[in-house]
Amino acid sequence: MRFLQLKTKITDMSDQFEKVQLLIKEVEAAQPETAEALEAFRIQYLGSKGLVKSAMEGMRVIPAEQKKEFGQVVNLLKQVAEDKYNQLKEHFEAQKEAASVGAMDLSRPAESLPLGARHPVSITLNRIIRIFEKLGFVVADGPEVEHDWYNFTAMNTPEDHPARDMQDTFYILDAPGMLLRTHTSNVQARVMTSRKPPIRIIAPGRVFRNETISARSHAQFHQIEGLYIDEGVSFADMRQAMYYFAQEMFGKTEIRLRPSFFPFTEPSAEMDVWLGTETEEARRLTKGTGWLEILGCGMVDPQVLENCGIDSTRYSGYAFGMGIERQALRLFNIPDIRMLFENDVRFLSQFTAVQ
Ligand code: DAH
C-alpha cells in the first residue's frame, strides 16, 4: 500500500514536469492569427483559470527537493506565453492603427466651428475703455470678493456711516469683514495703497448689490471706475475729461454736472448727457427731460488720499464711476436688463457683427 502510494506520487511528479514541457512546446507552436484569437490564447494560458495557473498548482505533488526546479520550468512556461502574447498584441495593434489611417479621408473639409460673439456688456465696456485710453488711462483690476476696508472704510465710509445704506451689500457670513464689492471704487483704494502718484487708471468689473431683480435693475452688474491723481489736478480737468468722454460715446452733445453726494469725493457731481426730446426713444430714456444720467464723479476727498497713504497737501485728483448695463441697453436698444444675464444664445448671437 505504501509502495503504491509512492509510485503514484512519482508518476504524478514526472507527469507534471512532462505536462509543463508539453505546454511550452504548445505555446511556442501557437499562431493566433487575429486579435480575437490572441485574446482566446491569453485566456487559455495566462487567464486567472488558465493553464499556467493550473500548471503552477501541480507544485502541490512535487517533493520538496524538486520544487525549485519545477518552479523554474513553470516560470519558463509563463515567460514564453507572456512574450508571445505581448509580441502579437503589439503586432495586431499596429495593424489596426494602419488600417484606421487608411480609412481616414484626409481631403474631407473640416467641420466649421461656430463663431462666438462678444457680449453686449463687453462691447460697451471696451468702447468706454478705448475712449479713456486715449486720455492716458490704463486698466487696473481688483477682487470681486473684497475686504470691507477697501470697499467702504478706505473710501471714507466707516462702519456706522449712513452712506453704507446707499448700497445694499452681500456680506460673506463665513468670513467676517468680507463682502461682494458693491462698486468698482474698491480698486481706487487697491491702487492708491500699492502705487505712487501720478495715478491714472480705469477699472472695469462686476459688482453686486442685494437688490430686487427687475427689468431696470439686477443684483449683479458692471461698472467702470476712473481715478486720476497728480499734483494740481482740478475740477476743470475733470469736467473736460468727462466732456471728452461724452462726445466720444454719444456723438456731439452737451453735458451737465449736478451737485450730488458721494462719501469719497468732495465736491461730488452727477453727470447727465443731453439726448434731446426729439425722438420717442430719447424721451423714453430721459423720462421726457432730454437729460440722461450717466455717471457719478468728483474730486477725491483728501481723507481718502490720507487713508491710502497719499499726502493730500501735495496731491489732488478726480474720480468717476458709471454703470455699464444701462448704457448697453441704450446702445443696442435692449428693452430688459435681465436679457444681459440669461445667456440665451438666440439673444447673444445677434451681436456677431458688432465690435
Ligand atoms: N461708486 C459709486 C456708485 O457705485 C459711483 C461713483 C461716484 C464712483 C463718484 C466714483 C465717484 O469714483 O467719484 O454709486
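Indexing begins at 1, ligand by ligand and atom by atom, following the structure's order.
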Kindly compute the distance separating OH (Tyr228) from CD1 (Ile199), expressed to the nearest 0.5 Å. 11.5 Å
Hey, does Phe264 sit under 4.0 Å from ligand 1 if you only count heavy atoms? yes
For residues Asn75 and Gln79, is any side-chain donor paired with an opposing acceptor at under 3.5 Å? no
Salt bridge or not between Glu28 and Lys25? Use side-chain N to carboxylate O under 4.0 Å. no
In plain terms, say whether Glu293 and Arg258 are close enough for a salt bridge, that is, a side-chain N and a carboxylate O under 4.0 Å apart. yes
Out of Gly298, Gly321, Ala203, who gets a non-hydrogen atom closest to atom 8 (C) of ligand 1? Gly321
For ligand 1, which atoms, with element, lie under 4.0 Å from some heavy atom of Cys297? 9 (C), 11 (C), 13 (O)
Ligand 1 atoms in contact with Ala319 (distance to a heavy atom under 4.0 Å): 12 (O), 13 (O)
With a heavy-atom distance limit of 4.0 Å, tell me whether Phe320 approaches ligand 1 through its side chain, its backbone, both, or neither. backbone
Look at atom 12 (O) of ligand 1 and say which protein heavy atom is nearest, naming residue and atom and giving the distance to 0.1 Å. Glu225 OE2, 2.6 Å
Taking non-hydrogen atoms only, is Gln188 closer than 4.0 angstrom to ligand 1 via side chain, backbone, both or neither? side chain
Considering only NZ, NE, NH1 and NH2 on the basic side and carboxylate oxygens on the acidic side, decide whether Arg190 and Glu146 come within less than 4.0 Å. yes
Does Lys96 have more than 12 heavy atoms from other residues, nucleotides or ligands lying within 6.0 Å of its NZ? no
Enumerate the atoms of ligand 1 whose separation from the nearest heavy atom of Ser185 is less than 4.0 angstrom. 1 (N), 8 (C)
Salt-bridge contact Arg256-Glu270 (side-chain N to carboxylate O under 4.0 Å): no
Per-atom contacts, ligand 1 versus Arg209 - under 4.0 Å to a heavy atom: 3 (C), 4 (O), 14 (O)
For Gln223, counting its heavy atoms only, list the atoms of ligand 1 lying under 4.0 Å from any of them. 3 (C), 4 (O)
Considering the heavy atoms of Phe262, write down every atom of ligand 1 situated less than 4.0 Å from one of them. 7 (C), 9 (C)
Which of the ligand 1 atoms, numbered from 1, are nearer than 4.0 Å to a heavy atom of Thr265: 13 (O)
Considering residues, nucleotides and ligands other than Asp105, do more than 12 of their heavy atoms fall under 6.0 Å from its CG? yes
